[in-house]
2 protein chains.
Amino acid sequence: MQVSVLPADVNLANCPSRVLLDHVTSRWGVLLLAVLLDAERMRFSALRRAVGGISEKMLAQTLQTLERDGLVLREARPVIPPHVDYSLTPLGREFAAQVWELTRLVERRLPRVVEARERYDTRNAEPSP
Amino acid sequence: MQVSVLPADVNLANCPSRVLLDHVTSRWGVLLLAVLLDAERMRFSALRRAVGGISEKMLAQTLQTLERDGLVLREARPVIPPHVDYSLTPLGREFAAQVWELTRLVERRLPRVVEARERYDTRNAEPSP
DNA sequence: CGGGATCCTCTATGATACTG
DNA sequence: CAGTATCATAGAGGATCCCG
């Protein structure tokens, strides 16, 4: 997550907006936002089960990134064993909703994309030897 | 227990929807869709200049991925030197528009995110030794 | 239970050179 | 001009162990 200040890197790919976009569209960011949008609040291990396949490291790391960006609220209750709740901030809900719209479009159009891929693969198939 | 709103195959990070989502939100995919949404049609080298900082390899690779998904139309005119035009398909325009909406939200809320980061970093600053 | 610290693997991306 | 092929590398992500 490096923010370059080099003049040579003045391109669209490394601007601050792009970094934030990467956070909310990252492999696990998308899924965490979706789960939290639906669930209001959830504990660490519940999130892990809900997302499925995410490692503890990536869950902690992604949650920290989203918390730092102000999209996720972390509430730790000082009890033993620890109890930590995660939820979306109002700002986070805005992003989650927008990402969710994109996700829905993806699902809605997936059949057409699959067809397109089949046509592409057929057209570009290796000529029979 | 499954989260109700989420279709079953969205819970996995490697489901087909997720692959398509990765394509349209990839580092260069977002930028190419944005540029093509604005330009209608563009040549390979024009795209390279418009995006800025992308290597030939990644440009070719990303364009091929989007073409295979049916989002980008590639038209090669058999002349010398080669002349190839890229444009969005109607399907591609749907995705580009949706991704663009997300990009606009990111830019609109970036100041708040930056503030949130500063608050986070201040709060979590190392205590003076 | 909710992480941190380490180590390690693999993938995305870049640099460079070549070609029809 | 519009790519392809090859090699190299940073960093994302996973596995494992540990701790309050």
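As a basis for the values below, the full set of heavy atoms in this structure was taken, side chains included, without hydrogen atoms, waters or symmetry mates.
Atom CG in B/Leu47 sits 6.0 Å away from atom CG in B/Leu63 (nearest 0.5 Å). Rounding to the nearest 0.5 Å places CG of B/Leu66 at 8.5 Å from CG of B/Leu36.
At whole-Å resolution of the value, CD in B/Glu75 and P in D/dA2 are 14 Å apart. For B/Ile80 and D/dC1, the CD1 to C1' distance is 11 Å, given to the nearest whole Å. Here D/dA12 presents its P atom at 10 Å from CG of A/Asp22, a figure rounded to the nearest Å. The CH2-P distance, from A/Trp28 to D/dG13, rounds to 8 Å in whole Å.
Within the structure, a side-chain polar atom (N or O) of B/Arg43 is placed less than 4.0 Å from OP1 or OP2 of D/dA2. Contact annotation: B/Arg27 side-chain N/O to D/dG11 OP1/OP2 distance is not under 4.0 Å.
Within 6.0 Å of atom CZ in B/Arg104, 12 or fewer heavy atoms from other residues, nucleotides or ligands are found, so the atom counts as exposed in its surroundings. More than 12 heavy atoms of other residues, nucleotides or ligands shown are found within 6.0 angstrom of CZ on A/Arg108.
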Identify every side-chain donor-acceptor pair in residues 81-95 of chain B under 3.5 Å, counting partners at least two apart or on other chains, and give the distances.
from    : atom 1 : to       : atom 2 : distance (Å)
B/His83 : ND1    : B/Arg43  : NH1    : 3.1
B/His83 : NE2    : B/Arg77  : NH1    : 3.3
B/His83 : NE2    : B/Asp85  : OD2    : 3.4
B/Asp85 : OD2    : B/Arg41  : NH1    : 3.2
B/Tyr86 : OH     : B/Arg74  : NE     : 3.3
B/Thr89 : OG1    : B/Gly70  : O      : 2.7
B/Thr89 : OG1    : B/Leu71  : O      : 3.3
B/Thr89 : OG1    : B/Leu91  : N      : 3.4
B/Thr89 : OG1    : B/Gly92  : N      : 2.9
B/Arg93 : NH2    : B/Leu88  : O      : 3.1
B/Glu94 : OE1    : A/Arg109 : NE     : 2.9
B/Glu94 : OE1    : A/Arg109 : NH2    : 3.1
B/Glu94 : OE2    : A/Arg109 : NE     : 3.3
B/Glu94 : OE2    : A/Arg109 : NH2    : 3.4

Under 3.5 Å, which donor-acceptor pairs link side chains of residues 52-62 of chain A to any protein atom two or more places apart or in another chain?
from    : atom 1 : to      : atom 2 : distance (Å)
A/Ser55 : OG     : A/Met58 : N      : 3.2
A/Glu56 : OE2    : A/Arg48 : NH1    : 3.3
A/Thr62 : OG1    : A/Met58 : O      : 2.7

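Backbone-only engagement by B/Arg74 is indicated by non-hydrogen atom pairs under 4.0 Å involving sugar-phosphate atoms exclusively.
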Base versus backbone protein contacts along nucleotides 15-20 of chain D [heavy-atom cut-off under 4.0 Å; B, S, -]: B----B
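Contact annotation: the side chain of A/Trp28 approaches that of A/Val51 to within less than 4.5 Å [non-hydrogen atoms, C-beta and beyond]. Side-chain contact check for B/Pro16 versus A/Leu110: some heavy-atom pair is nearer than 4.5 Å. Residues B/Leu21 and A/Leu102 form a side-chain contact, since some pair of their non-hydrogen atoms from C-beta on lies under 4.5 Å apart.
Near-neighbour residues of DNA chain C inside residues 59-69 of chain B, defined by a heavy atom below 4.0 Å, are absent.
Remark: B/Thr65 engages B/His23, B/Asp69 in a side-chain contact (heavy atoms from CB on, under 4.5 Å) (not counting sequence neighbours).
Running 5' to 3' along DNA chain C, contacts with non-hydrogen atoms of chain B at under 4.0 Å begin and end at C/dT13 to C/dG20.
In this structure, the side chain of B/Arg27 does not engage the main chain of A/Arg18 through any donor-acceptor pair within 3.5 Å.
Between B/Ser45 and A/Ser26, the residue anchored closer to the 5' end of DNA chain D is B/Ser45, taking for each the nucleotide with the nearest heavy atom.
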